[in-house]
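Heads up, the thing below is written out as structure tokens.
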Amino acid sequence: MTAPAWAWVVFTLIAATAQTFRNATQRSLTETLGTAGATHIRFLFGLPFGLLALAIVAVFAGPLPALTMATVTWTALGAVSQIVATALMLAAMRERSFVVTTAYTKTEPVQVALFAVVFLGEQVTPVLAAAILVATAGVLALSWPSKAGGEIFSWRPAILGIVSGGLFAFAAVAFRGGIGALNADYIPAATVTLALSLAIQTVLLSAWLWFRDPDVLRGVLRAWRPSLPAGFLGAFASEMWFLAFAIQSPARVRTLGLVEILIAGAISRRLFTQKLSGRDLAGMALVIVGIALLFDS
């Protein structure tokens, strides 16, 4: 089945919206479950919904594609990268505002493009170089200390957020590789890869918590009621991202996904009563403009 040319745009917009609300839900659980616990709910409580999506596709879209070694390898690499990226993002959110941390992680499209240069040998065009410079200027504007609020600049949340974005970028490239290795229609390929990813992430993080801090794992299980919405939103957002990756390049998908910054700004003011300075807004605008230039690169 061939996807309509506009489908990736719809999938990406839905994914960005769902992911923003998922991040907000996870952030609220960080105080009670800690960074590792709040990270785990995305995978542990997302897995049932991922398996449900797999069952629905199997019923309505016919036989599921068989896993290949390339798919398993790419998906495992993406799964591990996403675990670490999520943990770093939540850790950064504990030290900086929700929307600014989101902006840090949204340097991801620039890093996706850079990974394409390193791993695929693509050329850095003048437009691409301009996109990187403009987006970097936006990140600097966001991370510079605020005089008005007496805000003290710290490299820690900036580094955490940017490294998180890099790992999310690598995960996007890896998941794209896993989906493509199945050589199947985009809906079954994306859904199988998602279910495999969630299964790997659930097993790995559950085992790590069991041996390192079983109290956190027990706390996660006890918090199943508030965690279910985050799990659903995480699985739903990931399904939409994977569908978009199946039919469009990760750089374009993640560039359009920057609308998440605007949504995050609205959520930050309404849910967390965190005010943004004019420079924060200007910084986010620069990031958006810089990444938007990727479309012309």
Side-chain angles (χ1 to χ4, degrees), residues 14-59 64 75-76 78-95 98 101-102 105 160 164 167-168 171 175 190-243 260 263-264 267-268 270-273:
I14 294 174
T17 302
Q19 179 167 294
T20 301
F21 283 98
R22 192 279 320 283
N23 288 344
T25 303
Q26 278 187 290
R27 181 183 188 267
S28 66
L29 291 169
T30 302
E31 298 302 322
T32 56
L33 299 177
T35 300
T39 298
H40 194 28
I41 65 172
R42 170 181 182 176
F43 310 120
L44 178 63
F45 295 102
L47 179 58
F49 297 106
L51 295 177
L52 177 62
L54 190 65
I56 293 172
V57 170
V59 170
L64 297 173
T75 304
V80 173
S81 296
Q82 196 174 54
I83 288 175
V84 181
T86 302
L88 293 178
M89 178 189 70
L90 292 174
M93 285 180 178
R94 298 184 71 174
E95 302 188 33
F98 175 71
T101 297
T102 299
T105 63
L160 288 174
S164 172
L167 290 170
F168 277 129
F175 290 142
T191 308
V192 166
T193 305
L194 171 62
L196 175 61
S197 171
L198 288 172
I200 293 171
Q201 290 163 329
T202 298
V203 170
L204 289 179
L205 201 47
S206 293
W208 186 80
L209 285 174
W210 178 256
F211 287 104
R212 183 178 177 84
D213 198 343
D215 288 339
V216 171
L217 183 58
R218 285 190 285 268
V220 168
L221 295 175
R222 286 194 298 268
W224 66 271
R225 287 183 184 275
S227 298
L228 275 177
F232 168 74
L233 288 170
F236 179 69
S238 294
E239 176 73 7
M240 295 298 105
W241 286 124
F242 279 38
L243 288 171
E260 181 184 352
I263 300 170
I267 292 177
S268 178
R270 182 173 181 178
L271 298 185
F272 305 125
T273 63

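Note that the numbering runs from 1 along the sequence shown for the chain.
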Would you give me the side-chain donor-acceptor pairs under 3.5 Å for residues 49-57, sequence neighbours excluded?
none

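- Within the model, atoms CD1 of Ile41 and CG of Leu44 stand 9.5 Å from one another, a figure rounded to the nearest 0.5 Å.
- The distance from the CZ atom of Phe43 to the OG atom of Ser206 is 10.5 Å, given to the nearest 0.5 Å.
- Once rounded to the nearest 0.5 Å, the distance linking CG of Leu198 with CZ of Phe45 reads 13.0 Å.
- Legend: residues meeting salt bridge (Lys or Arg N to Asp or Glu O under 4.0 Å) with Arg218, ordered by chain and number and at least two apart, are Asp215.
- When all heavy atoms of Thr202 and His40 are compared, the pair lying nearest together is O-CE1, 3.7 Å.
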Report all side-chain donor-acceptor pairs from residues 80-93 shorter than 3.5 Å, counting only partners two or more places apart or in another chain.
{"from": "Ser81", "atom 1": "OG", "to": "Leu77", "atom 2": "O", "distance (Å)": "3.0"}
{"from": "Gln82", "atom 1": "OE1", "to": "Gln201", "atom 2": "NE2", "distance (Å)": "2.8"}
{"from": "Thr86", "atom 1": "OG1", "to": "Arg42", "atom 2": "NH1", "distance (Å)": "2.7"}
{"from": "Thr86", "atom 1": "OG1", "to": "Gln82", "atom 2": "O", "distance (Å)": "2.8"}

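- Across all their heavy atoms, Ala79 and Ile200 have their closest contact at CB-CG2, 4.0 Å.
- Using a 4.5 Å cut-off on side-chain heavy atoms (C-beta onward), Asp213 and Trp208 make no contact.
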For residues 221-243, run the donor-acceptor check on the side chains, cut-off 3.5 Å, and write out each pair with its distance to 0.1 Å, sequence neighbours left out.
{"from": "Ser227", "atom 1": "OG", "to": "Ala223", "atom 2": "O", "distance (Å)": "2.6"}
{"from": "Ser238", "atom 1": "OG", "to": "Gly234", "atom 2": "O", "distance (Å)": "2.9"}
{"from": "Glu239", "atom 1": "OE2", "to": "Thr191", "atom 2": "OG1", "distance (Å)": "2.8"}
{"from": "Trp241", "atom 1": "NE1", "to": "Gln19", "atom 2": "OE1", "distance (Å)": "2.7"}

